[in-house]
Amino acid sequence: MTVAQEPTALNFECETGNYHTFCPISCVAWLYQKIEDSFFLVIGTKTCGYFLQNAMGVMIFAEPRYAMAELEEGDISAQLNDYAELKRLCEQIKRDRNPSVIVWIGTCTTEIIKMDLEGLAPKLEGEIGIPIVVARANGLDYAFTQGEDTVLAAMAHRCPDKAPVAEAEKNERNAIQKLMNFGKKKEDVAQEESEYVDHPPLVLFGSLPDPVVTQLTLELKKQGIKVSGWLPAKRFTELPVLEEGYYVVGVNPFLSRTATTLMRRRKCKLIGAPFPIGPDGTRAWIEKICSVFGITPKGLDEREAQIWAGLEDYVKLIRGKSVFFMGDNLLEVSLARFLVRCGMTVQEIGIPYMDKRYQAAELAMLEKACQEMGVPLPKMVEKPDNYNQVQRIYDLQPDLVITGMAHANPLEARGINTKWSVEFTFAQIHGFTNARDILELVTRPLRRNNNLKDLGWDKLVKEEAKI
């Protein structure tokens, strides 16, 4: 008789199934808010317009800086002049909003009809006097979060090679003036600058809310590391300088195309770190950056222990429970690694697309976490077949399934707890202090069920319901 052995390394499978995710043009929802002087023009059909209306309808009163250029039959059959129509729209955008940059978002239709957006943009840019960035964030990508990846990769080409000396001096004077306005003397500013270690310039890439940007920048400052800039910046006119030899590090696992562009096109050096999601990931992210710059990190043991202590009221709800990722937003590996550290068993990680080079540090950290926590390694399934996945869920009966919106209600109807994966995309989950928000989302369905049991609702599904 042979005894089944637990795998000692992650096992990857590929089922080549259809991926059930949002369309990547949804990246407009968070990028137009992040880049405050931008305007996004989505070029597609009425279907794209309906999707944007539904996906971002809650923002209708915020006067968003995006619009839909709807392609008609004449456009698709090449009977109309694309350039003339796009020029008319961009001139209207300039007249009404006067943004610092217009981002053209190409869709499936522009890909299929081979619309030469990259050829049209430079000529039109010269005529209207506003930079036009072309990003093909279409539904042919694997996950909706990769829309941001294509936009940032396109913007990486627009980052300046060198900061003008006069402009740099002006920015320095403005920064000093701002600090002095808050009661700080010029000598205090100089003292703060001396706290940084002498290291090569470091640029961080990934779109995060401003409070999270501030948190991560301050965490690195505690180690004497100065962040030279972020891609994207709050304003297109403040994109970071990218010279050959600059160091770059990502904050999200779905930015592999941006990382490749920064390395190959801008000749930057990529720091292959885990991602700052959860206290364990944030610590590893900081430690990796410190090791590259030859800095001995300080205070991270106490910082991480303090955060874990504050999470105990959530962790005790999920310790010993199982979780299953169906695959949606490419955050699956990072979230799984964090939940393993919380004491959960991850049965399967479905993921639409896996770049093993860009996520190498994260995958290694997941393996280490499983070994140290004494739980089996999860099964890794790229491009999962959803029918097969649902059958495995029925067999495994996990305590929680993190899934796209398409499968949440059907699984709930059969007594399986679910959580929408899209919520993790829009929540603030990076850094030490935001780990609590991750567990707030993860434990919500479990806490809901506990509250219902207290009210006498032991079963929400009829016994006759067939699985």
Side-chain angles (χ1 to χ4, degrees), residues 16-29 31-32 38-53 55-56 66-94 99 101-158 236 254-262 264-266 330 352-353 355 383:
T16 62
N18 294 325
Y19 28 85
H20 293 64
T21 75
F22 281 139
C23 176
I25 65 173
S26 58
C27 70
V28 173
L31 286 177
Y32 89 83
S38 64
F39 193 97
F40 285 77
L41 183 64
V42 181
I43 305 169
T45 60
K46 284 183 170 62
T47 304
C48 307
Y50 295 146
F51 171 72
L52 286 177
Q53 282 181 322
M56 298 190 279
Y66 67 88
M68 183 74 213
E70 290 187 352
L71 296 170
E72 302 291 346
E73 291 182 8
D75 299 298
I76 297 172
S77 59
Q79 294 176 357
L80 300 179
N81 188 328
D82 297 331
Y83 183 82
E85 185 62 15
L86 285 172
K87 180 179 179 181
R88 182 186 68 81
L89 290 173
C90 289
E91 286 177 340
Q92 182 179 343
I93 292 168
K94 179 180 180 180
V101 61
I102 298 175
V103 183
W104 285 356
I105 302 292
T107 61
C108 302
T109 310
T110 60
E111 292 285 295
I112 293 167
I113 66 175
K114 301 294 187 289
M115 196 170 179
D116 186 19
L117 297 178
E118 287 84 359
L120 297 174
K123 181 181 177 184
L124 183 52
E125 180 179 318
E127 289 192 24
I128 67 172
I130 295 178
I132 298 176
V133 173
V134 178
R136 295 186 175 274
N138 57 74
L140 305 178
D141 272 322
Y142 299 100
F144 71 98
T145 49
Q146 289 180 289
E148 176 185 327
D149 195 17
T150 60
V151 173
L152 297 193
M155 284 199 170
H157 293 286
R158 298 301 187 110
F236 180 77
F254 47 76
L255 299 174
S256 57
R257 187 178 293 142
T258 304
T260 302
T261 301
L262 291 170
R264 294 180 179 175
R265 302 292 183 183
R266 303 309 303 261
L330 301 190
Y353 166 73
D355 188 324
K383 287 198 288 188

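Basis for what follows: all heavy atoms, side chains included, without hydrogens, waters or symmetry-related copies. Here the structure is a predicted model, which means the values were calculated and not measured.
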For Cys27 and Thr145: C-alpha separation, side-chain torsions, deciding distance, then whether side-chain contact (heavy atoms from CB on, under 4.5 Å) applies. CA-CA 7 Å; Cys27 70; Thr145 49; over 6 Å; no
Please name the pair of heavy atoms, one in [X] and one in [Y], separated by the smallest distance, quoted to 0.1 Å.
| X | Y | answer |
| --- | --- | --- |
| Phe254 | Gln146 | O-CG, 4.3 Å |
| Ile25 | Cys48 | CD1-CB, 4.0 Å |
| Pro24 | Ala143 | CG-O, 3.6 Å |
| Cys23 | Gly139 | SG-N, 4.0 Å |
| Gly44 | Met68 | N-CE, 3.3 Å |
| Val133 | Ala154 | CG1-CB, 3.5 Å |

Does Ser26 form a side-chain contact (heavy atoms from CB on, under 4.5 Å) with Phe51? I'd like the steps, not just the answer. CA-CA 8 Å; Ser26 58; Phe51 171 72; 3.8 Å; yes
Side-chain heavy atoms of [X] within contact of [Y], under 4.5 Å:
| X | Y | value |
| --- | --- | --- |
| Ile132 | Val101 | no |
| Tyr66 | Ser38 | no |
| Ile130 | Pro99 | yes |
| Ile43 | Asp82 | no |
| Leu41 | Val103 | no |
| Thr150 | Arg136 | no |
| Thr45 | Thr107 | no |
| Ile128 | Ile102 | yes |

Results of side chain to side chain contact (heavy atoms under 4.5 Å, CB included) for Lys87 - residues two or more places apart only: Tyr83, Glu91, Leu124, Glu127
Candidate pair Trp104 and Val42, rule side-chain contact (heavy atoms from CB on, under 4.5 Å), full reasoning: CA-CA 6 Å; Trp104 285 356; Val42 181; over 6 Å; no
Compute the ring centroids of Phe22 and Phe144, then answer whether they are less than 6.0 Å apart. yes
Kindly compute the distance separating [atom1] ([X]) from [atom2] ([Y]), expressed to the nearest 0.5 Å.
| X | Y | atom1 | atom2 | value |
| --- | --- | --- | --- | --- |
| Glu70 | Thr109 | CD | OG1 | 11.0 Å |
| Lys383 | Tyr142 | NZ | OH | 5.0 Å |
| Asp355 | Tyr353 | CG | OH | 4.0 Å |

Is it the case that the side chain of [X] and the backbone of [Y] share a donor-acceptor pair, with hydrogens and angles ignored and the cut-off at 3.5 Å?
| X | Y | result |
| --- | --- | --- |
| Gln92 | Arg88 | no |
| Arg265 | His157 | no |
| Thr258 | Asp149 | yes |
| Thr110 | Gly106 | no |

Among all residues two or more places apart in sequence or in another chain, which pass the side-chain hydrogen bond (donor to acceptor under 3.5 Å, both in side chains) test with Glu125? Arg158
